[in-house]
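Here the structure is laid out as structure tokens; the discussion comes afterwards.
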Number of protein chains: 2
Amino acid sequence: MEDSDTVLGKALAILRAFGPADSVLPLAELVRRTGLAKGTAHRVAGDLVHHRLLDKTDHGYRLSGGLFELGLRAATERTLLEMAMPFLQDLYERTHETVHLGVREGHEVVYVAKIGGHRQASSPSRTGGRMPLHCTAIGKVLLAYASEDEQTAVLTAPLERRTAHTVIAPGLLRRQLVNAVETGVAYEREESTLGLLCVAAPVLAPDGLTAIAGISVAGPTGRFRPESHANAVRAAATGLGSTLARRRP
Amino acid sequence: MEDSDTVLGKALAILRAFGPADSVLPLAELVRRTGLAKGTAHRVAGDLVHHRLLDKTDHGYRLSGGLFELGLRAATERTLLEMAMPFLQDLYERTHETVHLGVREGHEVVYVAKIGGHRQASSPSRTGGRMPLHCTAIGKVLLAYASEDEQTAVLTAPLERRTAHTVIAPGLLRRQLVNAVETGVAYEREESTLGLLCVAAPVLAPDGLTAIAGISVAGPTGRFRPESHANAVRAAATGLGSTLARRRP
DNA sequence: GGCGGCGTTCCACTCAGCGGTACGCTCTTT
DNA sequence: AAAGAGCGTACCGCTGAGTGGAACGCCGCC
């Protein structure tokens, strides 16, 4: 899978063997997932423990707090998170629904923050997790402001159908993207998860042409009307955009 | 400084060369901080870029989004964060002051979350950042529930004086710790930063003897009365504690 | 009591990694 | 303009860190 011919490659293969859902993996499982020789995996994992990227428990290995800490040193994501927090708070307080902040990475969204209360709609998104661009509200606004090339790259590739409502027709999706640029918001209606609705707005760079991130509000079908939160989401996104512009000349 | 005799050690030396404040470091600076040979540093950094842990810009290297993502896969911190979020939200909404969630790592607190509004008190804490145990409210509650050995280890070591109000007398500090266990909250009054007050409560494991994390509310001298938020902080912490107990038997 | 899967240890081979050296570039400085 | 300092990049022969196959002891399960 990965090029694990170098030591570093092996180490990363082990670290990346942990999926979003795994908490602790035994050595044998690491060997299976990485394809490394047992002896090698054992030693490299041991080194990683020594360097505080892995914790060793009775039942196997686990990604450690040191890695968590290191990850939060990533400058762009961290400052984005810090600058965004007040706006996300405002948005949450106004809506009391799940609020997301996400950036684009390749053909997917990576969620930088997810905040919600006790009664939040169950959604598959997780902080630090990924979702496809084409079936999420944030994904759509990010895609709408991506370069023409990247846009067509996504649209021409086969679009994964997540639910019966997932938009997999490139034409319809492109129309939604155009609409997103015109109105400043994009919607998702049970396209990634049944029972989940979502509105998102783009956080634009000073040039007004590229999207740095996206902010969304998500809620369950029934009580939740995404349209009624469009203004709030747009306000939060543009507010964050201009704050970023002020600090990053 | 670090044992960088192995490849992995060198790679980590480079990654950890990034302080909390650095966003982009040129190769020469990495060489200076790590003490690696220029050729070696260049190659290892290149490998790290290839493995998406570093980004290369015109002005140097930067910790990448891939690292951010990987860090958020760390199971314990991530689930703690996710389970805690609703309680932190409640707390913020009730107080409208800066809310922290922190865990202990060695003799320091690591902040897992920091949420606040636009008018938050300026504090040195950052998400993913560290602070000494003895001069922060969360640090005190965590230390109060640490093992006897660890407690004395911290108390006997010289305590860094951060401000004129920092408690550096081991006796006084120990009394504060005892008081924290009795009352369920600890305070910090301008002990880490001038103008900053703080209340914290411990998130206890089911056994009621060990602290998993700490929650705090911080605000500026003047308008902010830490005592008046003691109950709210305690409620959030115990609420989170029992929720964690339910999910982690 | 035999069997399969697990974590751990050992060891001789070899190629990945090493770091000194050298080059070209862009800024300052004189 | 010339000289210099500091930077990023590229090259290359030596060597020991890293490799992975094999072997061992340990459970828990049929």
Side-chain angles (χ1 to χ4, degrees), chain A residues 1-19 21-64 66-67 70 74-76 249, chain B residues 1-19 21-64 66-67 70 74-76 249:
Chain A
M1 354 237 116
E2 193 123 2
D3 43 299
S4 45
D5 38 336
T6 157
V7 207
L8 241 161
K10 291 172 218 279
L12 271 152
I14 288 183
L15 292 180
R16 293 207 222 267
F18 288 81
D22 309 304
S23 70
V24 34
L25 297 179
L27 180 61
E29 183 61 22
L30 291 177
V31 170
R32 234 169 280 128
R33 297 193 187 190
T34 58
L36 297 175
K38 209 201 311 194
T40 307
H42 182 253
R43 183 176 38 81
V44 176
D47 289 355
L48 287 171
V49 170
H50 178 247
H51 287 289
R52 307 208 333 273
L53 295 188
L54 285 183
D55 284 337
K56 180 164 195 166
T57 75
D58 293 339
H59 307 283
Y61 298 89
R62 181 177 43 200
L63 297 179
S64 83
L67 188 62
L70 198 57
T76 49
Chain B
M1 354 240 116
E2 193 123 5
D3 43 295
S4 45
D5 37 334
T6 156
V7 208
L8 241 161
K10 291 172 217 279
L12 270 152
I14 288 184
L15 292 180
R16 294 208 222 267
F18 288 81
D22 309 305
S23 69
V24 34
L25 297 179
L27 180 61
E29 183 61 23
L30 291 176
V31 170
R32 235 169 280 126
R33 297 194 186 190
T34 59
L36 297 175
K38 208 197 321 192
T40 307
H42 182 253
R43 181 175 38 82
V44 176
D47 289 354
L48 287 171
V49 170
H50 177 248
H51 287 289
R52 308 206 336 272
L53 295 189
L54 285 183
D55 284 337
K56 181 164 195 167
T57 75
D58 293 339
H59 307 284
Y61 298 89
R62 180 176 43 201
L63 298 179
S64 83
L67 188 61
L70 197 57
T76 49

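Every chain is numbered from 1, with letters handed out A, B, ... down the list of sequences.
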Have a look at B:Asp22 and tell me which of B:Arg16, B:Arg33, B:Arg62 forms a salt bridge (charged side-chain N to carboxylate O under 4.0 Å, His left out) with it.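 That would be B:Arg33.
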Counting only N and O atoms by type, is there a donor-acceptor contact under 3.5 Å from the side chain of B:Ser64 to the main-chain atoms of B:Arg52?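 A pair under 3.5 Å: yes.
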ask   = First and last nucleotide of DNA chain C in contact with chain B, 5' to 3', at under 4.0 Å to a heavy atom: what are they?
value =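 With heavy atoms of chain B under 4.0 Å away, the range is C:dG17 to C:dG19.
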query: Taking all non-hydrogen atoms of both residues, which atom of A:Leu25 and which atom of A:Ala17 are closest, and how far apart?
result: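 In terms of heavy atoms, the two residues are closest at CD1-O, 3.9 Å.
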Handout entry: Shortest non-hydrogen contact from B:Thr34 toward B:Ala13
Key =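 The pair with the smallest heavy-atom distance is CG2-O, 3.5 Å.
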Item to check | Partner set under side-chain contact (heavy atoms from CB on, under 4.5 Å) for B:Lys38, not counting sequence neighbours | outcome: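 B:Lys38 satisfies side-chain contact (heavy atoms from CB on, under 4.5 Å) with B:Val31 once adjacent residues are dropped.
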**Minimum side-chain heavy-atom gap B:Leu48-B:Leu15 below 4.5 Å** =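 With C-beta onward as the side chain, the pair touches.
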Boundaries of the DNA chain D segment in contact with chain A, non-hydrogen, under 4.0 Å: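 Span of nucleotides near chain A: D:dG18 to D:dG20.
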Looking at [atom1] of [X] and [atom2] of [Y], how far apart are the two atoms once the value is rounded to the nearest 0.5 Å?
X: B:Leu63; Y: B:Leu53; atom1: CG; atom2: CG; result: 9.0 Å
X: A:Leu30; Y: A:His42; atom1: CG; atom2: NE2; result: 11.0 Å
X: A:Lys10; Y: A:Asp47; atom1: NZ; atom2: CG; result: 12.5 Å

Who pairs with A:Arg32 by salt bridge (Lys or Arg N to Asp or Glu O under 4.0 Å), at least two apart in sequence or on another chain?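 A:Arg32 satisfies salt bridge (Lys or Arg N to Asp or Glu O under 4.0 Å) with A:Glu29 once adjacent residues are dropped.
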Counting Watson-Crick and G-U wobble pairs whose two distances are both under 3.5 Å, find the runs of 3 or more in a row that involve DNA chain C.
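Stem segments, range with range: C:2-5 with D:26-29, C:7-30 with D:1-24.
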Point to revise | Most 5' of A:His42 and B:Leu36 on DNA chain C, judged by nearest nucleotide | key: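 Result of the comparison: A:His42.
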Discussion item. With nearest nucleotide decided by heavy atoms, which residue, A:Thr6 or A:Pro26, maps closer to the 5′ end of DNA chain C?
Written reply: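 By nearest-heavy-atom nucleotide position, the 5'-most residue is A:Pro26.
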